[in-house]
Number of protein chains: 4
Amino acid sequence: MSKPRERILNTTMILFHQQGYNNTGINQIIEDSAVSKASFYQHFKSKDDLCIEFLDKRYAYWISELENFISGAQTVEERFLKSFDFLIFMNEKENFRGCSFLNILSEIPSEKVEIHKVIRSHKKALRDAFNKDLKDDMLSDHIYLLFESCIVTSQLYRSNELIKKTKSIVQGLLLSSC
Amino acid sequence: MSKPRERILNTTMILFHQQGYNNTGINQIIEDSAVSKASFYQHFKSKDDLCIEFLDKRYAYWISELENFISGAQTVEERFLKSFDFLIFMNEKENFRGCSFLNILSEIPSEKVEIHKVIRSHKKALRDAFNKDLKDDMLSDHIYLLFESCIVTSQLYRSNELIKKTKSIVQGLLLSSC
Amino acid sequence: MSKPRERILNTTMILFHQQGYNNTGINQIIEDSAVSKASFYQHFKSKDDLCIEFLDKRYAYWISELENFISGAQTVEERFLKSFDFLIFMNEKENFRGCSFLNILSEIPSEKVEIHKVIRSHKKALRDAFNKDLKDDMLSDHIYLLFESCIVTSQLYRSNELIKKTKSIVQGLLLSSC
Amino acid sequence: MSKPRERILNTTMILFHQQGYNNTGINQIIEDSAVSKASFYQHFKSKDDLCIEFLDKRYAYWISELENFISGAQTVEERFLKSFDFLIFMNEKENFRGCSFLNILSEIPSEKVEIHKVIRSHKKALRDAFNKDLKDDMLSDHIYLLFESCIVTSQLYRSNELIKKTKSIVQGLLLSSC
DNA sequence: GATGAATGAGGGTTCATTCAT
DNA sequence: GATGAATGAACCCTCATTCAT
């Protein structure tokens, strides 16, 4: 069996994403991790602290999965389109739970400045990644916005329909930009 | 002073939107409403029940405010652009709290089917409203997606920057569609 | 059986005095009072809140017991001497637990301003009571100081020896003041 | 840097006196001492054990400071009066935290016999010191009682007022005893 | 001689809900 | 129609201590 800290993080990766932050109690985390309560607090200052580690780890995981998923793409256009396929892939894998960053953003009061900062910085990194791939600033933000929208609306309707539709839209945008 | 039921709803309209569902306790609601606990449960079966009433009332309020805000528009194009101005207006009025429907969607476990259904139906109504104004189905969904994205990202960054950018994008889309 | 609030207070009167504030947990209080935890917090905002009620109630109790004990005294001198007998009486009754106000003063960090204020005000009332009985300000404070000292040292040595000695001293002071 | 054991004791000297026994956790002690937890328990059997060492060290420190402070005195009377000045000096230096022995006495349940014994023995030593300086047993206890009272009441009111008053009283007592 | 990891028990507090009146 | 009292379950967190290395 792995070390407690690792077990806690593994459990948290699942629970925070699937159930949300407020719906996941420390008690469930330690039970699922087979760790004592005091042991948990030896490794994490507070639940908020764990949340930040979660957000960091989630971002690393999500980005690497995305990179991996689109790595076969030959052109920039293909990269973008595959990114949307990735959303479909993740929705099916994770049961349409949407974006952990936006979910937690909705849950956490704005007084928790640290967490908000982390969420923003990760989301900004994603937006920047879109920008890097395209010279046209306007176009990249345009696609980024559609991307975020796809995440949110597919969670909302528990369906990939709008993602597929968006793929056509994006294809059109990229064509007309050449 | 108005009737208890009304007072509860008025309080709830503020608290659920500003603090979220899980961060708002029944105790705060009844205290702010100057209503007894037993009285609360006489009017609402449960907190979930209140949540549904909240969602309905919030939708009615939000749509009517939107309609009112864009009522002066002469053309369809103007209506759309004014809709985005409305988002800016609301962000400033409500301190970038985003969309109550999406916020609660993030907070509530998917087992609470009833609430999810209500959220979906209201959001679908909004999407349909976009569709009604435009013959082009693809275009209206395109704009709808940008609209949702603007709500989410402006909440995230606590800034109207992307909304303004999106207005330009939408303007372009509407022009080229004629 | 009496009402929960009363039961809680009765339990608290015993436990805070006998065990001290920090050594008495909410759990023990509610168990001994046969009251649920949530019920406790319906009646008392916090443990600190309960502490303040305890201090008030303790003062009222202690003063009335004192008044009652010395009520038979014919002269001022007799009143004073009987006050010291009262300390002996209470030590035997309460197993040399000393003064709840001073005990809690020792336990509570000075940041808890409210509690410190209450302690001071009750102790000041006692000092003032000594002053009222004697024109000579210096003498009354002198006796007051010996009184406090008797409480503290009898708790310390778990013995009434010094109280008895002090009675002689006070007798001498009062004689020479005439 | 000094040895772990010494560092722990130095930290404890400050924390137990300033915050009290129950309000000072082992964690704070080892952190402030830059010592590992296991290392702590190698040097001290338990927190109670540390407490006893603290009491011993505190007594040695306090007495030596007192001796030093009053060492310039030419007469017995002066020695006594300077002792009260010492209380004022210490109150200002240590922010009116009173007597560690009495504070801990208030905090510790009487079942902890060992600690109570140590407290008593140190306090008895102080009382004996007063006795040594004066042939008159009654008078020395009288002054000793006023001394204890001054410690307690100055902590209570966070003021040296009563100490100054007591100095006059003691001066009177010593005069009339010659 | 020194350490970081791990713990059982308990700390105080809040939750949404029910019930007797 | 309205209420205050009462609750079981859960909340996040800290305590002094032990153990394997």
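Proteins get letters first, then strands, A, B, ... in listed order; numbering begins at 1 in each.
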Parallel, tilted or perpendicular, as decided by the 30° and 60° cut-offs, for the rings of B/His122 and B/Phe101: perpendicular
Phosphate contact (E/dT14 OP1 or OP2) by B/Asn27 side-chain N/O below 4.0 Å: no
Strand-adjacent residues in residues 45-55 of chain B, judged by heavy atoms under 4.0 Å from DNA chain E: B/Ser46, B/Lys47
Just how far, in rounded Å, is [atom2] of [N] from [atom1] of [X]?
X: C/Ile29; N: E/dT13; atom1: CD1; atom2: C1'; result: 14 Å
X: D/Ile26; N: F/dT18; atom1: CD1; atom2: P; result: 11 Å
X: C/Leu15; N: E/dG11; atom1: CG; atom2: P; result: 12 Å
X: B/Ile108; N: E/dA16; atom1: CD1; atom2: P; result: 11 Å
X: D/Asn22; N: E/dG11; atom1: CG; atom2: P; result: 12 Å

Exam field: side chain [X] to backbone [Y], donor-acceptor pair closer than 3.5 Å:
X: A/His116; Y: B/Leu156; value: no
X: C/Thr12; Y: C/Ile8; value: yes
X: B/Arg7; Y: B/Ser2; value: yes
X: C/Glu107; Y: D/Glu107; value: no
X: D/Ser39; Y: D/Val35; value: no

For DNA chain E, stems built from three or more consecutive Watson-Crick or G-U wobble pairs below 3.5 Å: E:2-21 with F:2-21
Qualifying residue, where the test is side-chain hydrogen bond (donor to acceptor under 3.5 Å, both in side chains) with A/Thr24 and the options are A/Lys47, A/His17, A/Gln19, A/Gln18: A/Gln19
Atom CD of C/Gln28 with >12 non-hydrogen neighbours under 6.0 angstrom: yes
Crowding at CD, A/Glu31 (>12 non-hydrogen neighbours, <6.0 Å): no
Closest-nucleotide 5' rank along DNA chain E - winner of C/Gln28 and B/Tyr41: C/Gln28
Student check: side-chain heavy atoms of C/Gln155 and C/Asn103 closer than 4.5 Å: yes
Heavy-atom check, side chain of C/Lys123 versus side chain of D/Tyr157, under 4.5 Å: yes
Nucleotide-resolved protein contact map, nucleotides 1-6 of chain F, B/S/- at heavy-atom distance under 4.0 Å: BBBBBB
